[in-house]
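If you're wondering where the values come from, they're calculated on a predicted model, not measured in any experiment.
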Amino acid sequence: MRQTWILITFTLFNLYPLAYAADQAHPTKSHWSYQGQTGPNTWGDLSQEYTTCKLGKHQSPIHIETATPSPLPKLTFDYQPIPLTIENNGHTIKIDAEKVGTLTLGETPYQLKQIHFHTPAEEIIQKQQFDMVAHLVHQNSEGKLAVVAALFNKGSTPHPLIATLWDVLPLKMSPAQTHAQLKIDLTQLLPEDKNYYTYEGSLTTPPCAEGVKWLILKQPQTISSEQLTTYQALYPHSARPVQPLNDRTVFSSN
């Protein structure tokens, strides 16, 4: 029944025409979308603020075809359960994570700020594209961003945390909603195996600012077909096409 209602709601509401940069901590001004005249191929021309989208040389996402094994630092996550704050911002479903905790990379702590989703996954690994990705956006004391990509593929088993989130999924764009009675543990979005790829890239939405450290977890997790369909009823395609690697090297933790 809920699935039918989501499909009806998607028909009634056009959710694309409102601007929000899902991959950064503050909104942008000019309208952009994932399709048509304001789609990814035009982002760099929509606003002077977005010129990096077409002129940048270290853009994201990328297709990881090869990677250089390297003794990379371990990813140490220290997340605490928090009440769920969820928002449909017109481009994605976003989870507020300001008080969750940290990712420590080497000796540098990064505070988790927010989580959002893309379908299909923006990252492609050795010609494989995944069904969905959660981007966990972190920021260190110098303002530098580190984004962890947790990949998901459709399977027979529902994901328990996704089930909790989707039970209160906002079906149209609206301010953030806090559900104080729902405590969520965001470590559940992370696979057991924390091996990863890493490279220097950018935000994957306007203004496509560069200098973002990407950490792509190798082990995909499973969501059910129904969970994927539920999200796609709101956002059937919310992925920027892969960008040229140019002079960058992708490193692998194993």
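Aromatic ring pairs are classed by plane angle as parallel below 30°, tilted from 30° to 60° and perpendicular above 60°; the pair Phe152 and His159 is perpendicular. Classification of the His138-Tyr79 ring pair by plane angle, with boundaries at 30° and 60°, yields parallel. Below 30°, between 30° and 60°, or above 60°: for His118 and His135 the angle between ring planes is between 30° and 60°, a tilted geometry.
Of the N and O atoms on the side chains of Gln59 and Glu210, at least one donor lies less than 3.5 Å from an acceptor on the other residue. Looking only at atom types and distance, the side chain of Ser253 has a donor-acceptor partner in the side chain of Asn195 under 3.5 Å away. A donor-acceptor pair shorter than 3.5 Å can be found between the side chains of Tyr235 and Asn88. At a cut-off of 3.5 Å, with distance as the only test, no side-chain donor of Tyr50 or Thr42 sits close to an acceptor on the other residue. Residues Thr157 and Thr222 bring no donor and acceptor atom of their side chains to less than 3.5 Å of each other. Judged purely by distance below 3.5 Å, without hydrogens or angles, the side chains of Ser60 and Thr204 never pair a donor atom with an acceptor atom. No side-chain donor from either of Asp131 and Gln129 sits under 3.5 Å from a side-chain acceptor of the other. In summary, the side chains of Thr104 and Glu107 do not present any donor paired with an acceptor at a separation below 3.5 Å, with no hydrogens or angles considered. Asn89 and His116 share no side-chain donor-acceptor pair at under 3.5 Å.
Aromatic ring centres of Trp166 and Phe117: separated by under 6.0 Å.
Scanning all heavy atoms of the two residues, the minimum distance from Val133 to Ala149 falls at CG2-CB, 3.9 Å. Nearest approach of Thr85 to Ala176, heavy atoms of both residues: CG2-CB, 3.8 Å. Between Arg240 and Pro40, the shortest heavy-atom distance links the atoms CG-CB, 4.4 Å. The nearest pair of heavy atoms linking Pro220 to Asn153 is CB-ND2, 4.4 Å. Here the shortest heavy-atom pairing between Gln221 and Gln188 reads OE1-O, 3.6 Å. Here the closest non-hydrogen pair linking Val212 and Ser202 is CG2-C, 3.8 Å.
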Query raised in the report: Can you list the steps and then say if Thr76 with Leu103 is a side-chain contact (heavy atoms from CB on, under 4.5 Å)?
Result: CA-CA 6 Å; Thr76 303; Leu103 157 68; 5.7 Å; no
Query - Trace of the side-chain contact (heavy atoms from CB on, under 4.5 Å) decision for Lys194 with Lys74 - result: CA-CA 8 Å; Lys194 303 298 193 300; Lys74 180 181 177 182; over 6 Å; no
Query raised in the report: Is there a side-chain contact (heavy atoms from CB on, under 4.5 Å) between Leu75 and Leu217 once you walk through the steps?
Result: CA-CA 10 Å; Leu75 302 181; Leu217 298 171; 3.8 Å; yes
Query raised in the report: side-chain contact (heavy atoms from CB on, under 4.5 Å) between Ser47 and His31: does it pass, once the steps are laid out?
Result: CA-CA 9 Å; Ser47 168; His31 163 57; over 6 Å; no
Requested in this report: For the pair Lys113 and Glu98, evaluate salt bridge (Lys or Arg N to Asp or Glu O under 4.0 Å) and give the outcome as yes or no after the intermediate values.
Outcome: CA-CA 5 Å; Lys113 295 295 185 180; Glu98 287 281 350; 3.4 Å; yes
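The distance from the CG atom of Leu84 to the CD1 atom of Ile184 is 4.5 Å, given to the nearest 0.5 Å. Put simply, NE2 on His58 and OH on Tyr199 are 11.0 Å apart, with the number rounded to the nearest 0.5 Å. The line from CD of Gln243 to NZ of Lys54 is 13.5 Å long, rounded to the nearest 0.5 Å. Lys172 NZ to Leu234 CG: the interatomic distance, rounded to the nearest 0.5 Å, is 12.5 Å. With rounding to the nearest 0.5 Å, the separation of CD1 in Ile82 from CG in Asp185 is 10.0 Å. Between the NZ atom of Lys99 and the CG atom of Leu112 there is a distance of 14.0 Å, given to the nearest 0.5 Å.
Under the 4.5 Å side-chain heavy-atom criterion for Ile, Leu, Val, Met, Phe, Trp and Tyr, Tyr34 and Ile124 are members of distinct hydrophobic clusters. Leu215 and Phe77 fall within a single hydrophobic cluster, where Ile, Leu, Val, Met, Phe, Trp and Tyr side chains are chained together by heavy-atom contacts under 4.5 Å. When hydrophobic clusters are built by joining Ile, Leu, Val, Met, Phe, Trp and Tyr residues whose side-chain heavy atoms come closer than 4.5 Å, directly or via intermediates, Phe251 is grouped together with Tyr196. Placement of Leu182 and Leu189 within a single hydrophobic cluster is found when ILVMFWY residues are connected by side-chain heavy-atom separations under 4.5 Å, directly or transitively. When hydrophobic clusters are built by joining Ile, Leu, Val, Met, Phe, Trp and Tyr residues whose side-chain heavy atoms come closer than 4.5 Å, directly or via intermediates, Leu169 is grouped together with Ile95.
The shortest distance between side-chain heavy atoms of Tyr110 and Thr102 does not fall below 4.5 Å. Within the 4.5 Å cutoff, the side chain of Val147 has no heavy atoms near those of the Ile216 side chain. Contact annotation: the side chain of Val250 never approaches that of Thr66 to less than 4.5 Å [non-hydrogen atoms, C-beta and beyond]. Residues Thr92 and Thr205 fail the side-chain proximity criterion, which asks for heavy atoms closer than 4.5 Å. Considering only heavy atoms from C-beta on, Lys94 stays 4.5 Å or farther from Ile115 through its side chain. In this structure, Pro170 and Gln177 have side chains that are in contact, with non-hydrogen atoms separated by less than 4.5 Å. In this structure, the side chains of His179 and Pro83 stay at 4.5 Å or more apart for every pair of heavy atoms. Contact check for Leu228 versus Thr230: no side-chain heavy atoms found under the 4.5 Å cut-off.
Here the rule is side-chain contact (heavy atoms from CB on, under 4.5 Å) with Tyr197, and of Thr68, Ile125, Leu72 only Ile125 fits it.
More than 12 heavy-atom neighbours from other residues, nucleotides or ligands sit within 6.0 angstrom of CD on Gln181. Heavy-atom contacts from other residues, nucleotides or ligands closer than 6.0 Å to NZ of Lys213 number 12 or fewer.
Between Lys218 and Asp193, no side-chain nitrogen of the basic residue sits less than 4.0 Å from a carboxylate oxygen of the acidic one, so the salt-bridge criterion is not met.
At least one donor-acceptor pair closer than 3.5 Å links the side chain of Trp43 to the backbone N or O of Ser33.
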